[in-house]
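Notes to accompany the following structure.
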Amino acid sequence: MGVPKRIKRYEGQHALVDGIPYVMPINCVDSPALFAGFQINADKARAFLPGNELHPFRLWNGKGLLLITVINYLETSIGKYIEFSVAIACTHGRKPAPRLLPGLMMGFYGTGQYVVDLPVSSEISVKGGKGIWGMPKHQANLDYEITDDTVSSQYEKDGQFAMRIEIDRPSRAWIPFNIGATNYCQFRNMLFASYIYFKGKAGFHLFNSANARLYIGDHPRTAPLRELEIDGDAILTAFIPEANGILDDHFDTWFLTYDEAPETMPEGMESVVDLGLSEEWLAPPSITDYQQFKI
């Protein structure tokens, strides 16, 4: 899935949406990113996916896949911010897809990730990401640290420890990539599909060499993830020192359907209408006794 020609044609043009000024395309430049994938119970993952249209992606062994992606956006149209994505690999369609094949035929099976939680650093990122693209963004305490040996990010909210991810830093990032991805999100009880395109050079670790530490705290936004029976050993880790990405201004949305009439209304426009355009961050995370939460 490559960048649409439409995006290339309007480069340098300006847009104003919900009071947020954008210089097109909506992109990030030379921003470090970390990624980790963990096996989970696919049957239990189904309970995290809304409606009847999303299905857990299944690996060769029938397991599902939890994806943690943290990007330190250093240069964007709405300023600097960190984005900590917690997602479940999935497919979109009438029925579940066969194992592994959706990884090769992504368009046919609507392969992507359902974003369960998406804390970010700034208010303006919440206003745009949630109000326009339906992403479950909310402001939280985040950091992003790179050392000679590790890359890590910690997520706290309301004074509680929520999550931390650490990966061993690859010795070098030399593998070029140019990929597109689909993010599925629930907002206003509709399913949103947004599209993002990344390129850069990455360092990868697979299976036994993919060393990562995942910590899940007791915050109500993250504690339920423990029900997924997450395997503490990652099957994939990656570090991209300078990722360049484009978020498509086009997105798709559908009504979510259920076997029975829903009794409650999920988060809607009331959560974004009063948000401002602040680029200020909350204080960085400060909790150090997180070892008790290791998966």
Side-chain angles (χ1 to χ4, degrees), residues 1-33 35 69-85 87 107 112-113 115 117-140 142 144 153 176-188 190-202 240-254 267-282:
M1 183 167 60
V3 178
K5 293 181 180 179
R6 164 182 49 81
I7 291 179
K8 298 177 181 179
R9 286 197 298 266
Y10 62 44
E11 185 174 354
Q13 298 296 303
H14 295 261
L16 182 67
V17 181
D18 288 347
I20 304 173
Y22 292 100
V23 178
M24 307 302 283
I26 303 160
N27 66 348
C28 70
V29 178
D30 294 343
S31 297
F35 175 87
T69 308
V70 189
I71 305 175
N72 185 12
Y73 287 115
L74 299 178
E75 182 181 338
T76 78
S77 296
I78 57 172
K80 300 178 181 180
Y81 64 96
I82 298 170
E83 181 179 88
F84 194 122
S85 171
Q113 62 173 13
V115 184
D117 194 19
L118 194 62
V120 293
S121 301
S122 65
E123 182 182 39
I124 189 173
S125 178
V126 178
K127 184 177 180 67
K130 185 189 294 185
I132 300 172
W133 288 274
M135 302 173 182
K137 289 190 174 184
H138 57 95
Q139 196 172 12
L142 301 170
Y144 194 98
S153 182
F177 69 92
N178 190 348
I179 60 172
T182 301
N183 291 319
Y184 294 103
C185 303
Q186 180 188 26
F187 184 55
R188 299 162 54 206
M190 295 193 295
L191 182 66
F192 284 71
S194 56
Y195 309 100
I196 192 164
Y197 313 94
F198 274 110
K199 64 180 180 179
K201 292 184 178 180
I240 306 146
E242 297 179 342
N244 292 277
I246 292 177
L247 174 62
D248 201 334
D249 60 302
H250 166 84
F251 54 88
D252 293 305
T253 185
W254 308 267
E267 193 174 52
M269 292 301 294
E270 76 285 345
S271 64
V272 295
V273 292
D274 294 327
L275 292 179
L277 307 181
S278 174
E279 297 179 16
E280 296 296 317
W281 293 20
L282 300 178

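These values consider heavy atoms only, across backbone and side chains, with no hydrogens, waters or symmetry-generated copies. Bear in mind that the values here come from a model prediction, so they are computed numbers and not experimental data.
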Inset, instruction - Look up atom CG in Leu277 and atom CD1 in Ile124, then write down how far apart they are to the nearest 0.5 Å. - result: 4.5 Å
Inset, instruction - Check whether any side-chain heavy atom of Gln139 lies under 4.5 Å from a side-chain heavy atom of Leu275, and answer yes or no. - result: no
Inset, instruction - Tell me, please, which residues at least two apart from Lys137 pass side-chain hydrogen bond (donor to acceptor under 3.5 Å, both in side chains). - result: Glu83, Ser125
Legend entry - Closest contact, heavy atoms only, Asp248 versus Pro4: OD2-CG, 3.8 Å
Inset, instruction - Output yes when Asp18 and Lys130 qualify as a salt bridge under the 4.0 Å nitrogen-oxygen rule, no when they do not. - result: no
Inset, instruction - Please report the shortest heavy-atom distance between Ser31 and Ile71, naming the atom on each side. - result: CB-CG2, 4.3 Å
Legend entry - Which atom of Lys127 lies closest to which atom of Val272, heavy atoms considered: NZ-O, 3.8 Å
Inset, instruction - Mind listing the closest non-hydrogen atom pair of Thr76 and Gly79 along with its distance? - result: OG1-O, 2.6 Å
Inset, instruction - Please tell me if the side chains of Glu242 and Ile240 come closer than 4.5 Å, counting only heavy atoms from C-beta onward. - result: no
Inset, instruction - State the OG1-CZ distance between Thr182 and Phe192, to the nearest 0.5 angstrom. - result: 15.0 Å
Inset, instruction - Would you indicate whether the side-chain heavy atoms of Leu74 and Pro32 approach each other to under 4.5 Å? - result: yes
Legend entry - Distance-minimising heavy-atom pair for Ser194 and Phe251: CA-CB, 4.3 Å
Inset, instruction - Drop me the distance from Asn244's CG to Lys201's NZ, to the nearest 0.5 angstrom. - result: 12.0 Å
Legend entry - Glu75 side, atom CD; Asn27 side, atom CG - distance, nearest 0.5 Å: 7.5 Å
Legend entry - Rounded distance [0.5 Å steps], CZ in Phe187 versus OG in Ser271: 4.5 Å
Inset, instruction - Working to the nearest 0.5 Å, report the span between CE of Met269 and CZ of Arg188. - result: 6.0 Å
Inset, instruction - Compare every heavy atom of Tyr22 with every heavy atom of Trp133, then report the nearest pair and how far apart it is. - result: CZ3-OH, 3.8 Å
Inset, instruction - Go through the structure and list residues passing side chain to side chain contact (heavy atoms under 4.5 Å, CB included) with Ser85, not counting sequence neighbours. - result: Thr69, Ala87, Gln113, Val115, Leu118
Inset, instruction - List for me each residue that meets side-chain hydrogen bond (donor to acceptor under 3.5 Å, both in side chains) alongside Asp252, sequence neighbours excluded, and say none if there are none. - result: Tyr195, His250
